[in-house]
There are 2 protein chains.
Amino acid sequence: MQIVRKNLTFQLDKPILYMMTKKRRRLLELLQESVQPLSAQQVYEQMEESLDMATVYRGLKYLEEAGEISSFLLDCSERGVERYYSQSSSCHRHFLHCVSCHSFTSLNECPLGSLEKIEKETGFRVEEHYLTLKGTCEKCQINVRGK
Amino acid sequence: MQIVRKNLTFQLDKPILYMMTKKRRRLLELLQESVQPLSAQQVYEQMEESLDMATVYRGLKYLEEAGEISSFLLDCSERGVERYYSQSSSCHRHFLHCVSCHSFTSLNECPLGSLEKIEKETGFRVEEHYLTLKGTCEKCQINVRGK
DNA sequence: AAAAATATGCAAATCGTTCGCAAAAATTTG
DNA sequence: CAAATTTTTGCGAACGATTTGCATATTTTT
Ligand SMILES: [Mn+2]
Ligand SMILES: [Mn+2]
Ligand SMILES: [Zn+2]
Ligand SMILES: [Zn+2]
């Protein structure tokens, strides 16, 4: 127990038994450099050095467990269900998804007010929430024909 | 064009070329009778008469296109990603998901205020939104050991 | 009643993701 | 440092929910 490997560039909330390797660090950097959340496939395509898809999935899982990145599901009518990954910035975020060009825009703040009213009304203890907004981004509204 | 088959118990927004069969009607009834949203698998299990899984999927797709039901994705850490179906009641709804007993509770009203502020801030035209709240339901808070 | 259209069951295909295993890389031990 | 141990990686196979093709059954139209 409590055996934590070295070679970590970040503090772990809970000790996990693995290592931060070159490939995993590169995965993380890619997501930190990207303004947009990326799917596993997109991460894979943006990797310069070759990397097996299974390793991408394992790496993303590792980084998410370590708290460095977080993911959400997007149910896009054109592209189907995809999981998107982004760095875990300080606080939680919500994204707007453009149904035309499929880009994401980050919200500055959470549009959900206090959840107390909901908790009182339902008796629920609310622990997490996920919000996805879909619509058309500024660019796509101008280029009416889409991208 | 504009050929719409008979045997429909509801009005279609857009004409579609298929029929409301006994089996599809039973699918719809099941969802209308259920307080909880149901997954394709749950619908399948609750059908008394035998029905192929492919027919369940095709039927649910048909009903959703006809606007009679709607679906959303749930990303549950225990059960993975599942699509849930429920009748399309008058207005859009949001659900609370209990991470202990996996039940759903419906919110009375949408906790999202006006989206105008977001639209101004981001330039986005918001067309849809999906909100999932996760937490612990009243029962599960009492039975601390979960269901 | 016969012809045309659509739904259904069944089996196979699909596709993103996960898994098992042997080889490679990183870490620990002495 | 080299040897022993642990973890990661690539590769191919497995997985599982959903979709698809096709022959047959059901429903609708004529
Ligand atoms: Mn929020
Ligand atoms: Mn709402
Ligand atoms: Zn756009
Ligand atoms: Zn519960």
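A, B, ... follow the sequence lines: proteins, then strands. Residue 1 opens every chain. Computed from a prediction, not measured in an experiment: that's the story for all the values here. Hydrogens, waters and symmetry mates are skipped; everything else that's a heavy atom, side chains included, is used.
- Scanning for salt bridge (charged side-chain N to carboxylate O under 4.0 Å, His left out) contacts around K61(B) gives an empty result, with sequence neighbours left out.
- Separating the CG atom of L63(A) from the C1' atom of dT8(D) is a distance of 13 Å, rounded to the nearest angstrom.
- Listed by chain and residue number, E29(A), E33(A), E48(A) satisfy the salt bridge (charged side-chain N to carboxylate O under 4.0 Å, His left out) test with R26(A) (two or more places apart in sequence, or in another chain).
- Of the N and O atoms on the side chains of S88(B) and E68(B), not one donor lies less than 3.5 Å from an acceptor on the other residue.
- Distance L73(A) CG to dA17(D) P: 16 Å, rounded to the nearest Å.
- The side chain of D52(A) lies closest to dC11(D), out of dC11(D), dT9(D), dG9(C).
- Residue R25(B) contributes atom CZ, which lies 13 Å from atom P of dA7(C) at whole-angstrom precision.
- OP1 and OP2 of dA17(D) both lie 4.0 Å or more from every side-chain N or O belonging to R83(B).
- Judged as a salt bridge (Lys or Arg N to Asp or Glu O under 4.0 Å), not a single pair has a partner in residues 131-140 of chain B (not counting sequence neighbours).
- Per the geometry, CG belonging to L60(A) stands 14 Å off P belonging to dT8(D), to the nearest Å.
- Mapping A54(A) and M53(B) onto DNA chain D by nearest heavy atom places A54(A) closer to the 5' end of the strand.
- Taking only side-chain atoms of K22(A), from C-beta outward, the nucleotide of dA26(C), dT8(C), dC19(C) with the closest atom is dA26(C).
- Every residue two or more places apart in sequence or in another chain that forms a side chain to side chain contact (heavy atoms under 4.5 Å, CB included) with S86(A) is listed here: P37(A), S70(A), R93(A), F95(A).
- Between K23(A) and dA25(C) there is no side-chain N or O to OP1 or OP2 distance below 4.0 Å.
- We find that CE of M20(A) is positioned 11 Å from P of dT9(D), with the value rounded to whole Å.
- In this structure, the nucleotide among dT8(C), dT8(D), dG10(D) sitting nearest to the side chain of R58(A) is dG10(D).
- The nearest whole Å value for the distance from the CZ atom in R24(A) to the C1' atom in dA24(C) is 14 Å.
- The 12-atom threshold is exceeded at OH of Y84(A), counting heavy atoms of other residues, nucleotides or ligands nearer than 6.0 Å.
- Rounded to whole Å, atom C1' of dT18(C) lies 14 Å from atom CD of E65(A).
- Within residues 40-51 of chain A, the residues having any heavy atom closer than 4.0 Å to DNA chain D are, in order of number, S50(A), L51(A).
- Nucleotide dC15(C) holds its C1' atom 12 Å from the CD atom of E82(A), rounded to whole Å.
- Considering only side-chain N and O atoms, T21(A) lies under 4.0 angstrom from the phosphate OP1 or OP2 of dT9(D).
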Pairs of donor and acceptor atoms involving the side chains of residues 103-114 of chain B, under 3.5 Å and at least two apart or interchain, shall be tabulated with distances.
unit_1: N108(B); atom_1: ND2; unit_2: E121(A); atom_2: OE2; d: 3.1
unit_1: E109(B); atom_1: OE2; unit_2: K117(A); atom_2: NZ; d: 3.1
unit_1: S114(B); atom_1: OG; unit_2: E116(B); atom_2: N; d: 3.0

